[in-house]
Amino acid sequence: MKNSGLDIHDFPSEQRAIGYQWINNAYKNELILESGAFDPLGDMWTTAENYGQYLSWMMAAWPARDERATGAIARSAVRSMTETVHMMGAYTVGGADCESAAGYAMGLAISDHCKLGLVIGHGGGFPGYGSYVLMAPEKGFAVFAFTNNTYASVQSSVW
């Protein structure tokens with residue numbers, strides 16, 4: 001992931017998406033806050049290609065298997081991030097015939113979806129940007145969206 005980092009100034013301005021905010025029925029440029037201002041939110045700058053690499057790494061933790069792990073973090077440690085800590089309840093997706101249980105674990109929304117099995121989701125953003133990711137490791141796919149609009153909600157688009 002050579003095009004990812006914590007300081008926006010490490011990336012040439014012509015390679016960055018400009019962040020916007022919707023104000024008075026128009027998009028206005030959002031000021032980029034200096035590194036550190038949003039560290040608690042993750043404050044990570046990356047490209048779609050690099051994020052795809054990260055998701056591939058995450059998804060490789062499934063299924064559980066006995067072969068030796070070769071990465072810096074054990075597959076079992078990655079999977080442990082999905083162990084529900086707080087149950088949020090049940091919900092219906094895609095019609096009344098698809099009820100799912102949902103919980104929250106280590107910053108991730110976890111669902112036991114009736115058709116997809118384990119589903120891992122997370123939304124994020126900060127001034128000028130928004131994102132959402134959905135991973136279905138038992139089905140072998142992940143989908144994400146990045147936006148350059150302040151806290152834009154793309155969860156429904158990803159789903």
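As the structure is a computational prediction, the values presented were derived from the model and not from experiment.
- Residue E138 qualifies as enclosed at atom CD: its count of foreign heavy atoms under 6.0 Å is above 12.
- Evaluation of the salt bridge (charged side-chain N to carboxylate O under 4.0 Å, His left out) test over residues 51-79, restricted to residues two or more places apart or in two chains, returns R65-E67.
- In this structure, I120 and P137 have side chains that are in contact, with non-hydrogen atoms separated by less than 4.5 Å.
- Taking hydrophobic clusters as Ile, Leu, Val, Met, Phe, Trp and Tyr residues chained together by side-chain heavy-atom distances below 4.5 Å, F144 does not share a cluster with W159.
- Judged by distance alone, the side chains of T47 and N3 never bring a donor and an acceptor atom under 3.5 Å apart.
- Here the side chains of L118 and I110 are in contact, with some heavy-atom distance below 4.5 Å.
- Annotation for F11 and R16: closest pair O-NH1, 3.1 Å, computed over non-hydrogen atoms.
- Ring centroid separation for the pair H9 and W45 does not come in under the 6.0 Å cut-off.
- At a threshold of 4.5 Å between side-chain heavy atoms, the hydrophobic network of Ile, Leu, Val, Met, Phe, Trp and Tyr places W22 and V154 in two separate groups.
- Side-chain atoms of L116 and F141, non-hydrogen and from C-beta on, do get closer than 4.5 Å to each other.
- Each of Y129 and Y27 belongs to its own hydrophobic cluster when Ile, Leu, Val, Met, Phe, Trp and Tyr are linked at side-chain heavy-atom distances under 4.5 angstrom.
- The aromatic rings of Y51 and F146 sit tilted, their planes meeting at an angle between 30° and 60°.
- Contact annotation: the side chain of N29 approaches that of I18 to within less than 4.5 Å [non-hydrogen atoms, C-beta and beyond].
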